[in-house]
K.L.:
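Quick one: the structure is below, and I'll ask about it shortly.
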Number of protein chains: 2
Amino acid sequence: MPKYNIPVEAALEVIGGKWKVVILCHLIENKRRTSELKRLMPGITQKMLTQQLRELESDGVIKRIVYNQVPPKVEYELTEYGWTLKGALDMLCAWGEQHIEKTYPNKEEVLLDS
Amino acid sequence: MPKYNIPVEAALEVIGGKWKVVILCHLIENKRRTSELKRLMPGITQKMLTQQLRELESDGVIKRIVYNQVPPKVEYELTEYGWTLKGALDMLCAWGEQHIEKTYPNKEEVLLDS
DNA sequence: TGCTATAGGCACCTGGAAGTAACAATTGTA
DNA sequence: TACAATTGTTACTTCCAGGTGCCTATAGCA
């Protein structure tokens with residue numbers, strides 16, 4: 001049984017860490033295959049991706065869909081509960097965008113894909 | 001010069017880590033003295049508190065107000081720029097609250113202060 | 001026969017985030 | 001004289017999130 005001093009800690013327990021917010025932002029745009037996520041997040045390793053996806057799944061915010069075919073195909077998408085995070089995630093993304101613009105006026109220099 | 005694959009990473013660079021979101025949530029409610037923050041966050045150490053406050057300050061989201069008196073008095077409050085985070089932080093806090101209610105129906109068991 | 005693509009498991013290791021503990025500085029006060 | 005209160009610094013240490021590398025299974029194809 002966890003103990004929180006302030007409710008927001010419960011949110012951080014679910015979406016905290018280096019990768020989960022990024023994963024969820026990608027899943028807001030679209031459901032994604034494992035290999036897609038890896039491509040979208042060049043810095044993540046297979047192990048971390050799997051691990052973070054497992055944790056998000058066991059927290060009930062994403063769902064894993066396995067297609068029985070070879071080579072394997074697995075898709076991840078937000079659950080209904082996961083969609084309740086959309087508001088917070090969207091605002092975080094928007095803030096990140098304008099923070100880049102404010103901090104680096106020519107943002108091409110810091111945005112890798114785009 | 002940092003490199004981001006997705007804009008939200010810029011937000012995580014500012015409010016990521018174990019403590020910053022919690023600190024900011026407390027500063028949304030009120031400006032706070034150092035000792036108040038320590039009391040509100042029983043788990044944090046003096047060193048981590050100072051360190052996180054310094055980083056938030058150099059990112060321009062909080063401001064440090066020193067009163068020339070002994071013993072020292074220092075207050076921290078959000079800057080105008082820091083207030084642009086309010087939307088995202090509020091939604092995160094709200095999500096945390098309802099996540100606790102959903103996960104632990106009698107939330108008294110997991111909420112320490114309140 | 002060997003290579004590809006896909007998703008993932010597992011053992012081990014490391015870097016840096018976070019924690020610990022001691023110290024400084026100043027003034028009032030018991 | 002010694003301690004309290006407040007904020008902060010510094011050196012040292014610990015620990016685990018995250019990284020590395022190697023392994024599995026399966027079917028198709030050159």
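Naming: A, B, ... by sequence-line order, numbering from 1 per chain.
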K.L.:
Find the distance A/Arg54:CZ to C/dC10:C1' and express it as a whole number of Å.
P.N.:
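Atom-to-atom, A/Arg54 to C/dC10, this comes out as 14 Å.
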
K.L.:
Can you get from A/Leu24 to A/Met48 by hopping between Ile, Leu, Val, Met, Phe, Trp and Tyr side chains that sit under 4.5 Å apart?
P.N.:
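Yes; tracing contacts between hydrophobic side chains, which count when under 4.5 Å, links both residues.
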
K.L.:
Look at A/Arg33 and C/dT6 and indicate whether a side-chain polar atom (N or O) is within less than 4.0 Å of OP1 or OP2.
P.N.:
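A/Arg33 to C/dT6 OP1/OP2: no side-chain N or O under 4.0 Å.
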
K.L.:
Send over the distance from A/Lys38 NZ to C/dG8 P, rounded to a whole Å.
P.N.:
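So the NZ-P distance, A/Lys38 to C/dG8, works out to 9 Å.
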
K.L.:
Under 4.0 Å from any atom of DNA chain C, heavy atoms only: list the residues of residues 64-72 of chain B that qualify, in numerical order.
P.N.:
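Heavy-atom contacts with DNA chain C come from B/Val70.
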
K.L.:
Is any side-chain N or O of B/Lys47 closer than 4.0 Å to OP1 or OP2 of C/dA21?
P.N.:
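Indeed not, no polar side-chain atom of B/Lys47 lies that close.
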
K.L.:
Parallel, tilted or perpendicular: which fits the ring planes of A/Trp95 and B/Tyr81, with parallel below 30° and perpendicular above 60°?
P.N.:
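Taking B/Tyr81 first and then A/Trp95, their aromatic rings sit tilted (interplane angle of 30° to 60°).
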
K.L.:
Between B/Glu9 and B/Lys3, is there a side-chain heavy-atom distance shorter than 4.5 Å?
P.N.:
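Side-chain contact under 4.5 Å: no.
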
K.L.:
Mind calculating the distance between CG (B/Leu49) and C1' (C/dA17) to the nearest angstrom?
P.N.:
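Nearest whole value for this atom pair: 16 Å.
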
K.L.:
Taking CG from A/Leu53 and P from C/dG9, how many angstroms apart are they, rounded to a whole number?
P.N.:
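Taking atom P of C/dG9 as the reference, CG of A/Leu53 is at 11 Å.
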
K.L.:
State, yes or no, whether a side-chain contact exists between B/Leu12 and A/Val22 at a heavy-atom distance under 4.5 Å.
P.N.:
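Side-chain contact under 4.5 Å: yes.
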
K.L.:
Check whether any side-chain heavy atom of B/Leu49 lies under 4.5 Å from a side-chain heavy atom of B/Ile23, and answer yes or no.
P.N.:
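Sidechains of B/Ile23 and B/Leu49: in contact.
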
K.L.:
Could you tell me the separation between the CD atom of A/Glu57 and the C1' atom of C/dG8, rounded to a whole number of Å?
P.N.:
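It works out to 13 Å between those atoms.
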
K.L.:
May I ask you to test the B/Pro72-B/Val66 pair for a side-chain heavy-atom distance under 4.5 Å?
P.N.:
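Heavy-atom side-chain distance check fails, nothing below 4.5 Å.
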
K.L.:
Do other residues, nucleotides or ligands put more than 12 heavy atoms under 6.0 Å from the CD atom of B/Gln69?
P.N.:
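Yes, CD of B/Gln69 has more than 12 neighbouring heavy atoms, counting only those of other groups under 6.0 Å.
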
K.L.:
Can you tell me if NZ on B/Lys102 sees more than 12 non-hydrogen neighbours from other groups inside 6.0 Å?
P.N.:
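Counting other residues, nucleotides and ligands, NZ of B/Lys102 exceeds 12 neighbours.
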
K.L.:
Do the side-chain N or O atoms of A/Thr34 get closer than 4.0 angstrom to the phosphate oxygens (OP1, OP2) of C/dG8?
P.N.:
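Answer yes for this pair, as a side-chain N or O of A/Thr34 is under 4.0 Å from OP1 or OP2.
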
K.L.:
Within the structure shown, what part of the strands sits under 4.0 Å from A/Thr50 by heavy-atom distance: base, sugar-phosphate, or nothing?
P.N.:
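Answer is sugar-phosphate: A/Thr50 comes under 4.0 Å of backbone atoms only.
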
K.L.:
Nearest whole angstrom, please: distance from the P of C/dT6 to the CZ of A/Arg32.
P.N.:
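Roughly 15 Å, once rounded to whole Å.
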
K.L.:
Using a heavy-atom cut-off of 4.0 Å to chain A, what are the terminal contacting nucleotides of DNA chain D, in 5' to 3' order?
P.N.:
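Counting from the 5' end, contacts occupy D/dG18 to D/dA27.
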
K.L.:
Are the side chains of A/Thr34 and A/Thr50 in contact, using a 4.5 Å heavy-atom criterion?
P.N.:
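No. Closest side-chain heavy atoms not under 4.5 Å.
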
K.L.:
Can you work out whether B/Glu36 or A/Lys18 has the more 5'-proximal nearest nucleotide on DNA chain D?
P.N.:
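Comparing both residues, the 5'-ward one is B/Glu36.
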
